[in-house]
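Structure, as structure tokens:
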Amino acid sequence: MGKTAKGSDKYLHKIRNIGMIAHIDAGKTTLTERILYYTKRIHRIGEVHEGTATMDYMPEEQERGITITSACTSCHWQDKQINIIDTPGHVDFTIEVERALRVLDGAVGIFCAVGGVEPQSETVWKQSQKYRVPKIAFINKMDRIGANFENVLKEMKEKLGTNPVPLQIPWGTGSEFSGVIDLLDMKFLWFDPSSRGEEIEKKELTIEQKDMCIKWREKLIETLAEIDENILEKYLLEQDINKEDIKKAIKKNTLQLSITPVFVGSALKNIGVQPVLDGICEFLPSPLEVRQIQGIDPDTKEKKTFPVSTNSPFSALVFKITMESGRLLALLRVYSGSIKAGEKVYNSTQGIYQRIARLFTLHADRKERIDEARAGEIVGAAGLKDVRTGDTLCLDDNKIILEKISDYKSVISVALEPKNSAEGEKLIAALEKFLKEDPTLFMEVEEETGQIILSGMGELHLEIVQERLRREYKVEFRAGNPQVVYRETILKEASAKEVFLKELGDNMHYGCVELRVEPIDRDEQNKIMFEIDTTMYPEKLVNATETAIKDGLQSGVLKGSPINGVKVVILDMGEIKEESSEIGYHMAAASALKKALTKASPVLMEPIMSLEIYAPEEFVGDVISLIGSKGGKIENMFERGPDKVIQGLAPLRRLFGFSTELRSATQGRAGFVMKFEKFDVLD
């Protein structure tokens, strides 16, 4: 078994585990590329638009100029080790962000100075709030026409519910943007273009710059005085509030999620990147400064936690699986203790023993072998054959199960037909590897037709999987048109009773179940309740009844789609007879459930998508007309820079090919973002 390490934990103060989060095209990967360059992790700046960015290493990412999979790397700045996860900004790959935020201690939210707080920015910000991740913000692309620093701050307040606190302000916008004013040092920072921004000159402020700086600095101190007692006391007594006082208040309130420190610049123009690095080191937490991860003891089911220390028992969460040349690599966040390559661990989620053959630190698609992984670190582990995303690894003499990563519902599917049976076997084997890697992918094989139905989070998601199947596994197949994934629910309450008595083999099997089904909120998880005293029945019969109902809710009575928003109440389980058996109660419960659902006015629900379209004003009428033709409805409309933004809802089944139609209707001048909103009743 792995041993508990003894040693100093001083290194933990110097670790920063952070993520880059934002809407697509806000500049996450561009910023990360500069960070790696200025920290000497790479010696040449790659560009997203050229397909040469270090963190976008997949061919599909390089071709499209977008991030598809979270990439990990690490670098050093000042005396800190910064472990970075660069996350995707496209809604189809939301699970990648969720997995990263689950294991990170802090994050940098990147916002486009023109686009402001865009839809996916809201989504990832809310995900980070769920895990109570402290953040700093970087308002990027100040060199673009239409950049508006104050508008982004306003949207951060209104849309994200955060309290943005600028520590810098831009000097100029668009082509006039030439650098940033530091409100703490009260200096103008000029980033020398001839050194690709590596050389920074701190200049004294001009009179005009000073007037602007004083106004913003006063606003900064007033904001801090409202939430920090030390600053408030000095402010009221008109005492000097120095730089260290301000920094201390910023750190404390950032960790409490009371504020978000804001930096500004242009990553592409190499302006403002190093201050972000300083901000990561100064204001984002070390593993010792975040709340301790909670788990449960798998034996007692009681809450349990281990201190963040190498002297604690070992615990780690598998937050991602990748397949490299058919070999599985598990990405781990080590929360406590330490583990060495070659040691055995206990997978408490699955209840199995596994051996970690090799350990690595990661730099995008490259790996560097290490002998040991310690508390606070993010590493890769090879040799864990049957491991899955969300599994907890620990020691068998001190077990813990950490909180799992959220599940996601697929909204779209595609039928894959292999050329022949040999290709079919090859295709299924390849897809099984993808399913391990990506928990938002689902596969089923239709028995009658032999068709493989692959379901995922969106058209782009399924396109990428198909491209990778052909490129990485050389599989030949034909893909049908994408189909939406339906759900079923009920409109009214209904009851049913079923008695099962049948001879199977040499034995008679008896079961009796009476139950009631009720509609609940359609977004809620299904509920199963017993209105009877279950202690009056053998535990195995109660479990068989509950299992049958759980299984039955996976396949509805209309199209066999999963059921949402239903409460099942077991009213009676009859009297126990000699022939009572698990099979009998399983069959009785399944049959009673089906009968009750059929009587409860079952209906189909389809995925409803949230649309945000930005277009020049002269095309607003065309856009509204197009949304109407798709069975959609307009929810909101407002201005963002030179464009109008139209927000609405529409059924996914009507939106295939929407991007082409939108380009045609607006002469290619509109853009849009679509994300899953909810399942709702079919019109």
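All values derive from a computational prediction rather than experimental measurement. Basis for what follows: all heavy atoms, side chains included, without hydrogens, waters or symmetry-related copies. Residue numbers run from 1 in the order of the sequence given.
For Arg16, there are no salt bridge (Lys or Arg N to Asp or Glu O under 4.0 Å) partners two or more places apart in sequence or in a different chain. Under the salt bridge (Lys or Arg N to Asp or Glu O under 4.0 Å) criterion, Glu368 pairs with Arg41, sequence neighbours left out. Listed by chain and number, the residues in a side chain to side chain contact (heavy atoms under 4.5 Å, CB included) with Val542 are Phe530, Thr534, Tyr537, Met573 (sequence neighbours excluded). For Lys678, the salt bridge (Lys or Arg N to Asp or Glu O under 4.0 Å) partners at least two apart in sequence or on another chain are Asp680. Residues forming a salt bridge (Lys or Arg N to Asp or Glu O under 4.0 Å) with Glu612 (at least two apart in sequence, or on another chain): Arg640. Legend: residues meeting side chain to side chain donor-acceptor pair (under 3.5 Å) with Lys630, ordered by chain and number and at least two apart, are Glu661. Checked against side chain to side chain contact (heavy atoms under 4.5 Å, CB included), Asp551 has the following partners two or more places apart in sequence or in another chain: Thr547, His586. With sequence neighbours excluded, the residues satisfying side chain to side chain donor-acceptor pair (under 3.5 Å) with Asn347 are Gln354, Asp391. Residues forming a ring-ring contact (aromatic ring centres under 6.0 Å, His included) with Phe434 (at least two apart in sequence, or on another chain): Tyr473. The side chain to side chain contact (heavy atoms under 4.5 Å, CB included) check on Ala592 picks up Glu498, Leu515, with sequence neighbours excluded. The side chain to side chain donor-acceptor pair (under 3.5 Å) search around Asp386 returns none, not counting sequence neighbours. Residues passing the side chain to side chain contact (heavy atoms under 4.5 Å, CB included) test with Ser336, sequence neighbours excluded: Phe306, Ser312, Ser315.
Expressed to the nearest 0.5 Å, how far CG of Leu332 lies from NZ of Lys320 amounts to 13.5 Å.
Panel note: side chain Asn564, backbone Asn526; no donor-acceptor pair is recorded below 3.5 Å. No donor-acceptor pair closer than 3.5 Å links the side chain of Asp396 to the backbone N or O of Tyr346. No donor-acceptor pair under 3.5 Å is formed between the side chain of Thr392 and the backbone N or O of Ser348. Using modelled atom types, one side-chain atom of Lys474 and one backbone atom of Arg471 make a donor-acceptor pair closer than 3.5 Å. In terms of modelled atom types and a separation under 3.5 Å, the side chain of Ser121 and the main chain of Ala22 share no donor-acceptor contact. In this structure, the side chain of Glu488 engages the main chain of Ser561 through a donor-acceptor pair within 3.5 Å. With Arg333 contributing its side chain and Val103 its backbone, the two residues share a donor-acceptor pair below 3.5 Å.
With a 4.5 Å cut-off on side-chain heavy atoms, Thr73 and Leu36 count as touching. Using a 4.5 Å cut-off on side-chain heavy atoms (C-beta onward), Lys28 and Val108 make no contact. Considering only heavy atoms from C-beta on, Val484 comes within 4.5 Å of Phe656 through its side chain.
The neighbour count for Asp521 CG, taken as heavy atoms of other residues, nucleotides or ligands under 6.0 Å away, is above 12. Within 6.0 Å of atom NZ in Lys304, more than 12 heavy atoms from other residues, nucleotides or ligands are found, so the atom counts as buried in its surroundings.
Between Ile528 and Lys550, the closest heavy-atom pair is CD1-CG, 3.5 Å. Across all non-hydrogen atoms, the minimal contact from Ala330 to Val318 is CB-CG1, 4.1 Å. Nearest approach of Ala341 to Leu359, heavy atoms of both residues: N-CD1, 3.5 Å. Contact detail for Ile356 and Ala381: the closest heavy-atom pair is CG2-CB, 4.1 Å. The two atoms that bring Phe477 and Arg470 nearest to each other are O-NH2, 3.2 Å, heavy atoms only. Shown here for Ala548 and Ala590, the closest heavy-atom pair between the two residues is CB-N, 4.1 Å.
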Does Ser128 form a side chain to side chain donor-acceptor pair (under 3.5 Å) with Lys135? I'd like the steps, not just the answer. CA-CA 9 Å; Ser128 75; Lys135 294 168 289 294; 3.0 Å; yes
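Between Glu606 and Arg653 there is a salt bridge, since at least one side-chain N of the basic residue sits less than 4.0 Å from a carboxylate O of the acidic one. Between Glu472 and Arg468, at least one side-chain N (NZ, or NE/NH1/NH2) sits under 4.0 Å from a carboxylate O, which counts as a salt bridge. Ionic pairing of Lys340 and Glu343 is not present here: no N-O contact between side-chain nitrogen and carboxylate oxygen is shorter than 4.0 angstrom. Under 4.0 Å is where a charged nitrogen must lie from a carboxylate oxygen, and between Arg478 and Glu417 at least one such pair does.
Seen from the ring of Phe360, Arg358 does not count as a face-on cation partner, given the 6.0 Å and 45° thresholds.
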